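Reading through the structure tokens given below for one structure.
Computed from a predicted model, the values in this text were never measured in an experiment. When a ligand or atom number is given, it counts from 1 through the structure's own listing order.
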Amino acid sequence: MGASALAAAGVALPFDLGALPAGDRSAAPNIPIVVASANGIRGVARAYDMIAKGADPLDAAIAGVNIQELDPDDQSVGLGGLPNEEGVVQLDASVMHGPTRRAGAVACLEDIATPSLVAKAVMDYTDHVFLVGEGAKRFALKMGFKPQELLTEKSRQAWLRWRANLNPGDAWIGGPPAEGARTSSANRDKVHVDANGVEYTTGTINMCAVDSRGDIGSVTTTSGMSWKIPGRVGDSPIIGAGQYCDNTVGAAGSTGRGEANIKVCGAFLAVELMRQGKSPEEALHTVMERVIAMTEKRLLGANGRPLFDLTFYAVAKDGRYAGACAYEGTQFAVADAKGARVEKCSFLFRESERPRA
Ligand code: GLY
């Protein structure tokens, strides 16, 4: 029986199929589902379990990313995240809650390991959407979050090695370049090379969840670009760039070079393209093409391909999903009725087309 026949028969649908693109109305919804960057593989499993037991999709997604935020060995987010150029860990995060159309965000937050939860507190307890820096920290302390040193010894050693190798003429000396900057293909968008051949990393988790009613939540959390100028804010806490959620359509988010994404409002654009009828994969490819079209020359190789990595993730309200990036080899995490797993992102270019800086 089709959707319209079900409606005519008075059978309650789990969500408004009328909001889905016309071409997809016959597809069986694949919900609940949780989609994330590959480093969220443990998180999607936790979030899916929570949603299966009736948890709110945003609460579940935040609980998913909390695993990495609180893991001192993970240098991409939260506790143990790589610091800025002064050796201080500054964290960014944003959240959106589809059913209530609310959002919250924090940036340059110091000393609190779970910026995702502080972003949710901004959403839940204030009339604002975005708090930054000292104000965000003071707010977090008032909300009962406990301050702690976020710079682990491992991340401090990485910062020291970066600092010592920065300028042979200065008074900082040290060992070889920081180990651990290069990562597995599961999360290769952590490492970037700028136009001068200098490596930097971005570590981030985006997670989007759809529950069995079709309600959606999304979160992105990060320690941002390693060695950044203090005060630098990436795409993660920017609603519409690092993540976006519209309960009638779906959600999207990103990891990788935030500066490239901010200029195209990539998560918002992906959701809008899905609203217009594109599949998640089609939408993400169009977003990546827009990113490249908006990239300044110094960040493109002679062949016009980007010198950086950026990955997008999207899930539609009916559970269709995708991860997509410029170059082959990146993976993303997904959990649905088939279990938690990593899958390959679709891509625009073969690795052989990646320009050397
Ligand atoms: N995408 C994370 C950042 O650029 O900070």
Answer yes or no: is there an ion pair linking D59 with K120, defined by an N-O contact shorter than 4.0 Å? yes
Which atoms of ligand 1 are found less than 4.0 Å from any heavy atom of S236? 1 (N), 2 (C)
So, E282 and R320, do they make that salt bridge, N to O below 4.0 Å? no
Would K137 and E110 pass as an ion pair if we require N to O under 4.0 Å? no
So does D246 pair up with R101, basic N to acidic O under 4.0 Å? no
Ligand-residue contact atoms, ligand 1 with G256, heavy atoms, under 4.0 Å: 1 (N), 2 (C), 3 (C), 4 (O)
Report, in ascending order of atom number, the atoms of ligand 1 lying under 4.0 Å from any heavy atom of T204. 1 (N), 2 (C)
Name the one of N206, T220, D235 that satisfies side-chain hydrogen bond (donor to acceptor under 3.5 Å, both in side chains) with S254? D235
Could you say whether the N/O atoms of R257 and ligand 1 ever approach to under 3.5 Å? no
Please could you name the atoms of ligand 1 that D235 approaches to less than 4.0 Å, counting only its heavy atoms? 1 (N), 2 (C), 3 (C), 4 (O)
Under 4.0 Å, heavy atoms only, figure out whether ligand 1 is touched by the backbone of R232, its side chain, both or neither. side chain
Please determine whether a side-chain nitrogen of the Lys or Arg among D74 and R42 lies less than 4.0 Å from a carboxylate oxygen of the Asp or Glu. no
Atoms of ligand 1 under 4.0 Å from any heavy atom of G234, numbered from 1 in the order shown, are 5 (O)
Return yes or no for this condition: an N or O of G258 is under 3.5 Å from an N or O of ligand 1. yes
